[in-house]
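Worth saying up front: this structure is predicted, and the values here are computed from it rather than measured.
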Amino acid sequence: IVLSSFVSPYRVDRDNVRALHAESDMDFIEVYVNVPLDVAEERDPKGLYKKARAGEIKNFTGIDDPYEAPESPEIVLNSHELSLDEEVEVLVKALQERGVI
């Protein structure tokens, strides 16, 4: 199992990665960690959103650069509604149901 966590704001980039996996025998499971922008800003320990809003960081996703939400991710974690433990439960259950673990 390879787990990659990163901001991927453009649908085309995610679709390209999915297509690469479709050509192999590896499963690709897109997990959308859905969180409203205001909650993400509240959780920001480095103050990056504040800097982006002040114009100190350009092309910041969700502030002055777009974010295109996934259209059909395999798993959605509504991070503002779930605890970390609950999110882990959702992920583990989904992987078990798919026979990954």
Side-chain angles (χ1 to χ4, degrees):
I1 297 174
V2 176
L3 175 66
S4 298
S5 177
F6 49 89
V7 176
S8 181
Y10 302 110
R11 209 170 282 123
V12 67
D13 293 334
R14 295 188 302 267
D15 290 346
N16 286 338
V17 172
R18 183 181 294 277
L20 288 172
H21 284 82
E23 296 170 5
S24 71
D25 62 349
M26 295 187 299
D27 291 331
F28 179 83
I29 300 171
E30 183 176 13
V31 179
Y32 174 32
V33 181
N34 180 25
V35 62
L37 184 58
D38 62 322
V39 175
E41 289 186 65
E42 288 174 17
R43 294 179 178 175
D44 180 19
K46 296 180 182 179
L48 298 177
Y49 283 97
K50 186 177 181 177
K51 289 180 181 179
R53 289 207 181 271
E56 297 173 32
I57 301 174
K58 301 292 183 200
N59 303 319
F60 197 84
T61 301
I63 303 299
D64 62 349
D65 211 35
Y67 178 77
E68 300 169 349
E71 293 180 337
S72 55
E74 284 74 16
I75 301 169
V76 177
L77 299 175
N78 290 311
S79 184
H80 57 294
E81 298 173 352
L82 301 172
S83 69
L84 179 58
D85 288 341
E86 291 169 325
E87 290 177 307
V88 170
E89 281 183 41
V90 170
L91 285 172
V92 169
K93 183 179 177 184
L95 293 175
Q96 289 172 331
E97 289 173 353
R98 288 171 172 75
V100 175
I101 58 173

(request) Sequence neighbours left out, what passes salt bridge (Lys or Arg N to Asp or Glu O under 4.0 Å) with Arg11? Give chain and number order. (result) Glu71
(message) Quick check for you: to the nearest 0.5 Å, what is the distance between Glu89 atom CD and Leu84 atom CG?
(response) 10.5 Å
(message) For the CG atom of Leu82 and the CG atom of Leu77, what is their distance to the nearest 0.5 Å?
(response) 7.0 Å
(message) Contact between Ser79 and Arg43 at the side-chain level, heavy atoms closer than 4.5 Å - yes or no?
(response) yes
(message) When you compare the side chain of Pro9 with that of Glu68, does any pair of heavy atoms fall below 4.5 Å?
(response) no
(message) Between Val92 and Gln96, is there a side-chain heavy-atom distance shorter than 4.5 Å?
(response) yes
(request) Output the distance between atom CG (Asn34) and atom CD1 (Ile75), rounded to the nearest 0.5 Å. (result) 14.0 Å
(message) Test your reading of the model: is there a side-chain donor-acceptor pair from Asp64 to the backbone of Asn59, 3.5 Å cut-off?
(response) yes
(request) Carefully, step by step, assess Tyr32 and Asn78 under the rule side chain to side chain donor-acceptor pair (under 3.5 Å). (result) CA-CA 8 Å; Tyr32 174 32; Asn78 290 311; over 6 Å; no
(request) State yes or no: do Leu37 and Val35 share one hydrophobic cluster built from I, L, V, M, F, W and Y residues joined by side-chain heavy-atom distances below 4.5 Å, directly or via other members? (result) no
(message) Could you tell me if the side chain of Asp27 sits less than 4.5 Å from the side chain of Arg98, heavy atoms only?
(response) no
(message) If we check side chain to side chain donor-acceptor pair (under 3.5 Å) with Tyr10, which of these qualifies: Asp15, Asn16, Asp65?
(response) Asp65
(request) Work out which heavy atom in Pro70 is nearest to a heavy atom in Arg14; give both atom names and the distance. (result) N-NH2, 3.4 Å
(request) With side chain to side chain contact (heavy atoms under 4.5 Å, CB included) as the test, would you mind laying out the steps for Leu20 and Arg18 before giving the verdict? (result) CA-CA 5 Å; Leu20 288 172; Arg18 183 181 294 277; over 6 Å; no
(message) Tell me the closest heavy-atom pair linking Lys50 and Asp44, and the distance in Å.
(response) N-OD2, 4.5 Å
(message) Is the ring pair Phe60/Tyr49 parallel, tilted or perpendicular, if the boundaries are 30 and 60 degrees?
(response) perpendicular
(request) Consider only side-chain heavy atoms of I, L, V, M, F, W and Y, link residues closer than 4.5 Å, and tell whether Leu48 and Val33 are in one cluster. (result) no
(request) Specify the closest pair of heavy atoms between Ala69 and Tyr67, including all atoms of both residues, with the distance to one decimal. (result) CA-CE2, 3.5 Å
(request) With the side chain counted from C-beta on, respond yes when Ile63 and Glu41 share a heavy-atom pair under 4.5 Å apart, and no when they do not. (result) yes
(request) Flag the pair Ile29 / Val100 as yes when at least one side-chain heavy-atom distance between them is below 4.5 Å, and no otherwise. (result) yes
